[in-house]
Amino acid sequence: MFKKYLLGLVALVALLTFVPTAKAAEPHYIITTDATYAPFTFQDKNNNYVGIEQDTMAAVAKREGFTYTMRPMSFNSAAQLVSNGQADGIIAGMSITPERREVYDFSTPYYKTGVAWIVKKHSKIKSLADLKGQTVALKTGTAASEYGKSLQSKYGFKIKYFNDTDTMYNDVSVGNSAATFEDMPVIQYAIKNGMSLTVMNANNPGNAGSYGFAVEKGQNKALLASFNRGFAAIKKDGSYDKIVTKYLGAKQATFSGSKKDNSSILGILKSNQNALLKGLWQTIKLTVIAIVLASLWGVLLGVLGISEFKWVRGISTTIIYLFRGLPLMVLAFFIYIGLPGVTGIKIPAFTAGIITLILNEGAYTGAFVRGGFEAVDRGQMEAARSLGLPYGHAMRKVIMPQGLRIMVPSFINQFIITLKDTSILSAIGLLELTQTGTLIVARNSQGFRVWAIIAIIYLIVITLLTWLSNWVENKIK
Amino acid sequence: MTEAQNKVKVHVEKVNKSYGENHVLRDISIDIAANEVVVMIGPSGSGKSTFLRMLNQLETPDNGTIVVDGFDISDKSTDINKVRENIGMVFQNFNLFNNYTVLENIMLAPVELGKMDKAAAEKKARELLDVVNLADKADVSVNSLSGGQKQRIAIARALAMSPDVMLFDEPTSALDPEMVGDVLEVMKNLAGTGMTMIIVTHEMGFAKQVADRVVFFESGKIQESGTPEQIFNAPKNARLQEFLSKIMHA
Ligand SMILES: Nc1ncnc2c1ncn2[C@@H]1O[C@H](COP(=O)(O)OP(=O)(O)OP(=O)(O)O)[C@@H](O)[C@H]1O
Ligand SMILES: [Mg+2]
């Protein structure tokens, strides 16, 4: 009987996440990217993915006659999906390094990069040696700051750390700090957009390197060849330079929207209405499907957990222990990135997200369902059995109805947790509400306002969910 | 089966039971005949409940033989559910099903086990409610009943399966004194119908009136058994004498 439930569960997941794919004559590829990396890839004010990389990819694809699906996600996930064969290629400001060459095959470089050192306009500082005894502003955790720090003992400057780029730039432009280190294209983009700073080593970047398009080593040779051919062509006819100029030359507002749109909550809401609604819908879809399936799975685990048979209880206990113990994000990465590397079966991010939620939330549900059944007075079972009712009948007719009633508040609580946990799935690139927020902030830097909006949307949905649950609870009574 | 064996409803032979170090039942042997009413008395912890619960396998003995109604329930291959259908049990704490009404409590087992259709089960349930004098409570929730009412419903629920042995484990111990009489009345009437009954109780007056045989448990052993007159008026066992003097003066 349980087998039947399980089969149904699997079928349901498959059905709910089945995406019909159109058969095309042209080759179709899945490309990953990191959409928080202006000017290379970011979301514009219409929530389209734009940037040097996006336009380049589009131009190359057009010339070479292939189509692709672009999958924005965190850089690490983007890279891992390609290295384990879940995606075909990555274009995400990925520097070509010897270590990465072990895992990936790179295209011809499409952009030269490196670390710039920067001072304010008309500064008296002319060389790194002039920095002796001066303060240098660095952003915590970046490659550029690592590079700056490596020069500290040689040139004898002091370091002041910042958490965000804007404050750091300002500290230099007003003269509090003498200099800063930053990725070359990023600072160039900022200067074009009005920062009054000067790059001192534009022709000689530190840790010089190049960004390349990459595929899994030894795989997708056709795609790589296509990219190289297409890129050479757009480079030759000048369209690549036009793309670069378009992004490095244009004002940021062209892409990120007017100041007015970004400086008030209402403006942000209006200009991102569609993206927010789409993200919300994705969150709700994940939540509802996960709540239904995780509850079924959890009840099954709970029932197995109070089985007559010790080994069945053991199975339930082990599953609950395992999946309660694993952090949700680890589980998501394991299912989405880890497993396919071994099994070779590609899992869509949505399906992976749902499976993650079922396993994690189901384990918590299983634990309180078992607890609820155990909380039913032992005498109830004894009385039922003494009448000749077999164990299963006694469970279904006497224990479970009473136990489930005890569990109603726990279920409501778990539903709310599930809703909140969907936000963690942004890590595998699911474009739900939280990931939507991340992308908007990456574009307009309005962290406070955007996250306030996202927080309020979550609170509203949670309130609605709580009302609905309470209404159902009253109906049951 | 011979006529003589047929008359033995419950046959217990050399049964032992331990909980860890605690040897709760020691070599218990007893035969109980059809239609017999046996009352078990003894101090707390002497093993009375354990013995009773072993007769329908709510507890399993470590060794020994238990035959009820001709079924060897100490044999693992016996379908215990079938045997239990013929053994009614009444608990100290009633254990009525909290998620059902009074009528549903009584009807549940016969319907669920396919013994009767719903209509027949309901008819029988209402007859039984008459027997326990609670006809007007058919449709109330069991939680609204007093203890004495609950216990009478519990008896009716057990009788709905038409058992031929009834086990009672201190059925009046959880009741307020004014409720005890109603329950004992029902049990007395039941004994009058010829039901085989095994009753653990501290109600000595009831034992004297109703019991065919009184069995004294102490330290997991049957120390003495006999007619009520023998046990209450001429106890031989020193521990029984001590036990009786204690409750008489309590
Ligand atoms: N499930 C159990 N696990 C461990 N020990 C138990 C269990 N059930 C009963 N015992 C022990 O077995 C002994 C006999 O218990 P039992 O309930 O049979 O006594 P009793 O004669 O019915 O006493 P009372 O008059 O208090 O109901 C006691 O020492 C009790 O603590
Ligand atoms: Mg007892």
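Numbers restart at 1 for each chain; the letters A, B, ... are given by sequence-line order, proteins then strands.
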Is [X] close to chain A through its backbone or its side chain, or both, or neither, when contacts mean heavy atoms under 4.5 Å?
| X | value |
| --- | --- |
| B/Arg157 | both |
| B/Phe94 | neither |
| B/Ile87 | backbone |
| B/Asn99 | both |
| B/Leu96 | backbone |

(request) Against chain A, work out which of B/Asn93, B/Asn81, B/Asp79, B/Asn56 has the most heavy-atom pairs shorter than 4.5 Å and name it. (result) B/Asn81

(request) Using a cut-off of 6.0 Å, state whether more than 12 heavy atoms not belonging to B/Lys124 lie near its atom NZ. (result) yes

(request) Count the heavy atoms belonging to other residues, nucleotides or ligands that lie under 6.0 Å from NZ of B/Lys188, then report whether that count exceeds 12. (result) yes

(message) Do B/Leu108 and A/Leu389 have side chains that approach each other closer than 4.5 Å (heavy atoms only, starting at C-beta)?
(response) yes

(request) For B/Ser49, check side chain to side chain donor-acceptor pair (under 3.5 Å) against everything at least two apart and list the hits. (result) B/Asp169

Spatial distance of atom [atom1] ([X]) from atom [atom2] ([Y]) [nearest 0.5 Å]:
| X | Y | atom1 | atom2 | result |
| --- | --- | --- | --- | --- |
| B/Met161 | A/Ser386 | CE | OG | 10.0 Å |
| A/Arg385 | B/Ile80 | CZ | CD1 | 8.5 Å |
| A/Gln402 | B/Asn98 | CD | CG | 4.5 Å |

(request) With a 4.5 angstrom heavy-atom cut-off, could you sort out which part of A/Ala384 is near chain B: side chain, backbone, both or neither? (result) both

(request) List the atom of A/Ala383, the atom of B/Phe97, and the distance in Å for their closest heavy-atom pair. (result) CB-CE2, 4.0 Å

(request) Specify the closest pair of heavy atoms between B/Ala109 and A/Leu387, including all atoms of both residues, with the distance to one decimal. (result) CB-CB, 3.9 Å

(message) Strictly less than 4.5 Å between heavy atoms, which residues of residues 369-378 of chain A line up against chain B? Please order them by number.
(response) A/Asp377, A/Arg378

